[in-house]
Amino acid sequence: MNVVVVESPAKAKTINKYLGPGYKVLASFGHVRDLPAKDGSVLPDQDFEMLWEVDSASAKRMKDIADAVKASDGLILATDPDREGEAISWHVLDVLNKKRVLNGKPVKRVVFNAITKKAVLDAMAEPRDIDVPLVDAYLARRALDYLVGFNLSPVLWRKLPGARSAGRVQSVALRLVCDRETEIERFISEEYWNISALLKTPRGDEFEAKLVAANGKRLQARSVGNGEEAGKLKALLEGAAYVVDSVEAKPVKRNPGPPFTTSTLQQAASSKLGFSASRTMQIAQRLYEGVDIGGETVGLITYMRTDGVQMASEAIDAARHAIVDQFGERYMPEKARFYSTKAKNAQEAHEAIRPTDFNRSPDRVRKFLDADQIKLYDLIWKRGIASQMASAEIERTTAEITADNNGQKAGLRAVGSVIRFDGFIAAYTDQKEDGEQSDDAEEGGRLPEINARENLAKQKINSTQHFTEPPPRYSEATLIKKMEELGIGRPSTYAATLATLRDREYVTIDKRKLIPHSKGRLVTAFLESFFTKYVEYDFTADLEEKLDRISAGELNWKQVLRDFWKDFFAQIEDTKELRVTNVLDSLNESLAPLVFPKREDGSDPRICQVCGTGNLSLKLGKYGAFVGCSNYPECNYTRQLSSENGGEAEGGAQNEPKNLGTDPVTGEELTLRSGRFGPYIQRGDGKDAKRASLPKGWKPEDIDYEKAMALISLPRDIGKHPETGKMISSGIGRYGPFLLHDSGYANLESVEDVFSIGLNRAVTLIAEKANKAPGGRGTPAALKALGEHPDGGAITVRDGKYGPYVSWGKVNATLPRGKDPQTITVEEALALITAKAGKAPVAKGRAKPKAKAAAAEGKAAKTAAKPKAKAKAPAKTKKS
């Protein structure tokens with residue numbers, strides 16, 4: 001009997017069925033050990049020795065594996081086919097060697113790109129040894145990420161209060177978002193005019209032609225820059241005669257794109273389905289590990305962490321057969337298509353993402369999948385099969401026209417296209433993100449019959465004014481695309497990087513666009529000023545290339561770490577000399593559009609408008625940065641940094657209260673004010689004045705007397721409960737709108753419900769919460785069910801007296817401050833439960849790198865802020 005180790009229990013059950021009774025398949029539940037989330041886990045002084053830790057849950061898993069190996073004939077390591085999977089196999093083997101349970105038994109490594117019987121059996125027939133260079137590349141990456149996170153983050157905490165963390169890839173991705181915001185702020189819009197003519201053929205058909213030349217000069221895009229120039233050209237065309245110079249109909253072939261990689265799947269799922277990168281990967285993980293199809297668990301797609309664009313030869317053959325079956329003979333090209341990637345530093349060791357069986361069309365598996373799964377599978381199937389289909393055949397017609405006005409001549413052009421044969425378009429068409437230029441931007445619809453040398457009749461001349469627009473903000477999809485182009489990060493890191501930026505509140509997402517929060521811009525400006533090299537795109541991409549060369553066996557991983565640490569440690573040491581005034585002076589200049597937005601009256605934005613003499617500057621407080629006056633405490637003007645528009649908070653831009661009316665009960669004035677933490681309503685004056693912050697989504701400019709009175713009067717008494725006789729009230733708390741009754745809480749869906757909900761509905765919500773609670777009255781009902789814990793029992797999200805928390809059995813773990821209970825994932829919940837119960841997170845795929853993202857993307861534990869344990873440089877780099 002041989003022991004086979006895979007990563008997830010779902011795969012273990014399926015693979016055990018494929019292999020039969022001669023094998024025992026056990027799951028490692030992701031990584032079996034990790035670097036402790038504390039300083040000193042990587043030791044530069046000891047040639048980067050790494051101190052690994054096996055937690056209690058992993059220790060139990062490894063004991064089960066070790067016990068099975070003792071009674072086995074051999075060990076087969078079958079973790080995922082990527083760098084992380086290779087590392088997990090290495091960790092398992094290293095732990096087993098230290099336990100001395102192998103005793104010379106054969107150890108083999110196998111990889112399969114899909115969870116199908118054929119893929120698994122084929123892999124078992126071709127075992128190999130662990131890929132040592134691939135493991136070395138993993139160790140180098142972990143050490144680099146750890147050293148950056150646990151040394152750079154404490155610098156941020158000391159020099160930039162309110163900053164959360166920095167990371168090797170995270171900080172560069174954040175810089176991309178912030179640089180784009182700076183571009184938008186500094187963009188100067190330019191005027192331009194488009195001129196076209198509506199013309200009619202002798203047969204009475206109308207079409208539009210655009211002006212492309214005038215008076216012997218070719219007009220480029222946006223070359224007509226003002227109304228006066230546009231008026232002259234329009235006058236020329238108004239009195240001109242029109243003749244067709246030439247008509248050319250040219251056949252054009254459009255070829256399909258390759259099957260999905262991790263990056264292109266995330267982009268397509270974003271633009272077509274509205275899925276975030278993390279949501280896409282979670283769904284893809286389930287499709288890869290397998291779903292129940294008629295009583296059999298079947299993996300529907302190949303491995304989803306890849307930057308390869310090629311499919312296996314047998315998959316290509318299967319796709320070609322499916323094309324004939326689904327679309328017809330004409331849709332299958334004479335020869336199979338082969339692709340190569342254009343992404344920087346791409347590794348094509350694995351297949352593209354494709355269906356494991358092209359005969360399983362979306363319609364055939366629809367009833368076995370949930371709504372999200374079928375959407376993503378449909379996308380993968382269509383893109384995969386389209387990649388092997390015939391080209392689309394398009395006829396592109398171009399008509400060149402001359403306008404002659406008494407010797408003054410102009411050139412116009414009409415372009416149209418028609419699809420003669422749809423080819424691959426019958427299965428899949430790309431969809432552009434907002435702000436991206438479509439390939440068909442210059443092409444119109446089909447033109448009517450137009451013949452050379454015939455005269456055309458002018459119907460109307462159109463002259464329209466336009467203004468250039470700034471570059472669009474990044475979406476998750478376009479940011480991933482940019483990172484891939486620059487060679488920053490790898491397929492398995494994109495989703496985690498974006499999630500970290502959101503969790504750290506460095507970026508917010510509005511209408512799918514990434515908007516840098518003020519704290520994100522502060523961190524980026526700080527790093528650009530004092531750690532310039534480490535947020536440069538080329539430096540990060542070159543480091544990624546070195547990691548790839550390590551995996552190819554071309555570089556020594558320890559030497560790469562030595563070279564990096566020497567300069568990085570020196571830079572960290574230099575920051576000890578930094579004074580906060582130096583930091584603020586630098587940030588004031590680099591973030592001038594954010595800190596000192598232009599004023600409508602043209603006055604100096606750096607002079608305090610309250611006292612008229614003080615200079616405004618960034619200030620650092622316990623909760624982050626704000627703008628304050630140099631005349632403090634005589635002048636107490638403060639203003640928060642705007643997170644969206646780079647300007648001052650509306651409704652309180654000058655910190656001057658806006659009078660909204662008088663409270664009829666107390667006789668005190670109601671005012672709208674802006675403070676360090678945002679706009680708020682205040683009733684009365686002095687330290688005893690009542691204050692209420694504006695709820696999320698409420699804008700200062702929309703606040704009137706009625707809204708202010710409703711807000712300042714909270715909590716609102718709704719009525720007495722018919723059973724208990726106790727008052728039910730509504731309010732807005734730290735975690736959103738709520739109902740309060742007899743010391744128990746029930747969530748409300750929106751802020752508006754706080755002011756409008758009636759007694760009957762309130763009683764119903766309280767009863768529903770009590771009835772749904774598994775423990776009966778007094779046990780909070782589940783806000784969200786996350787699924788089963790690997791050890792059994794449901795994991796739920798609940799709302800308690802002190803806020804929302806995740807619950808599993810008797811273990812309750814409070815959610816981090818600001819975490820939306822509706823967005824928490826099962827991996828995050830497992831990590832919280834682990835921390836509370838002292839047990840390691842276990843989940844399908846790889847739970848630990850997500851749960852312990854400290855070193856991976858700069859999540860430095862609070863212990864790293866303590867001065868007692870600072871990573872030291874090798875002796876040769878220490879300062880004398």
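Counting begins at 1 with the first residue of the sequence. Please read all numbers here as calculations on a predicted model, not as lab measurements.
Between V763 and P722 the shortest side-chain heavy-atom distance falls below 4.5 Å. Contact check for K707 versus W698: side-chain heavy atoms found under the 4.5 Å cut-off. Side-chain atoms of D742 and I766, non-hydrogen and from C-beta on, never get closer than 4.5 Å to each other. Counting only heavy atoms from C-beta outward, the side chains of Q282 and E827 approach each other to under 4.5 Å. Within the 4.5 Å cutoff, the side chain of I301 has no heavy atoms near those of the L376 side chain. Counting heavy atoms from C-beta outward, P700 and L672 have side chains that approach closer than 4.5 Å. Using a 4.5 Å heavy-atom threshold, the side chains of L739 and D753 count as separate. Considering only heavy atoms from C-beta on, L660 stays 4.5 Å or farther from D704 through its side chain.
Note that the OG atom of S518 and the CG atom of L594 stand 6.5 Å from one another [nearest 0.5 Å]. Of the inter-residue distances, the one linking S8 atom OG with F29 atom CZ reads 8.0 Å to the nearest 0.5 angstrom. For the atom pair I380 CD1 and L287 CG, the distance stands at 6.0 Å (nearest 0.5 Å). The CD atom of Q266 sits 5.5 Å away from the CE atom of M281 when rounded to the nearest 0.5 Å. Atom-to-atom distance recorded for T662:OG1 and M709:CE is 10.0 Å, nearest 0.5 angstrom. To the nearest 0.5 Å, the span separating CZ on R761 from CD1 on I728 amounts to 12.5 Å.
Taking D663 as the reference, R683 meet the salt bridge (Lys or Arg N to Asp or Glu O under 4.0 Å) condition, with sequence neighbours excluded. The salt bridge (Lys or Arg N to Asp or Glu O under 4.0 Å) check on E505 picks up K519, with sequence neighbours excluded. With sequence neighbours excluded, the residues satisfying side-chain hydrogen bond (donor to acceptor under 3.5 Å, both in side chains) with D363 are R366.
Side-chain atoms of N659 come within 3.5 Å of backbone N or O of G661 as a donor-acceptor pair. Within the 3.5 Å criterion, the main-chain N or O of A689 finds a donor-acceptor partner in the side chain of R691. For S153 (side chain) and A166 (main-chain N/O), a donor-acceptor pair under 3.5 Å exists by modelled atom type. Although no hydrogens or angles enter the test, the distance criterion places no donor-acceptor pair under 3.5 Å between the side chain of R473 and the main chain of I184. Counting only distance, with no hydrogens or angles, the side chain of K690 and the backbone of I712 share a donor-acceptor pair below 3.5 Å.
Shortest non-hydrogen contact noted between Y805 and S807 is CE1-CB, 3.9 Å. Residue Y705 comes nearest to L670 through the heavy atom pair CE1-CD1, 3.9 Å, listed as atom of the first residue, atom of the second, then distance. Across all non-hydrogen atoms, the minimal contact from L711 to S693 is CD2-O, 3.7 Å. Nearest heavy atom pair, residue A746 against residue L765, reads CB-O, 4.5 Å. Taking both residues in full, the closest heavy atoms of L479 and A173 are given as CD1-O, 4.2 Å, listed atom of the first, atom of the second, then distance. Scanning all heavy atoms of the two residues, the minimum distance from V754 to S730 falls at O-OG, 2.7 Å.
A salt bridge between D372 and R279 is present, with a side-chain N of the basic residue lying under 4.0 Å from a carboxylate O of the acidic one. Salt bridge annotation for E476-R502: present, with a cationic side-chain nitrogen under 4.0 angstrom from a carboxylate oxygen. Salt-bridge annotation for K13 and D292: absent, with no side-chain N of the basic residue lying under 4.0 Å from a carboxylate O of the acidic one.
Side chains of Q609 and R599: a donor on one and an acceptor on the other come within 3.5 Å. Between the side chains of T500 and Q170, no donor-acceptor pair is found at a separation under 3.5 Å.
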Legend entry - Pair L694-I681, side chain to side chain contact (heavy atoms under 4.5 Å, CB included): steps then yes or no: CA-CA 7 Å; L694 265 59; I681 301 296; 4.0 Å; yes
Inset, instruction - Could you please spell out the steps behind the side chain to side chain contact (heavy atoms under 4.5 Å, CB included) verdict for T524 and Y506? - result: CA-CA 10 Å; T524 296; Y506 286 162; over 6 Å; no
Legend entry - Verdict with supporting geometry, L514 and L501, side chain to side chain contact (heavy atoms under 4.5 Å, CB included): CA-CA 10 Å; L514 299 175; L501 294 182; over 6 Å; no
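Between H789 and W808, the ring planes lie parallel to each other; the angle is under 30°, not in the 30° to 60° tilted range.
Between L786 and the options T796, T825, I824, a side-chain contact (heavy atoms from CB on, under 4.5 Å) holds for only I824.
A 6.0 Å sphere centred on CD of E634 holds more than 12 heavy atoms belonging to other residues, nucleotides or ligands.
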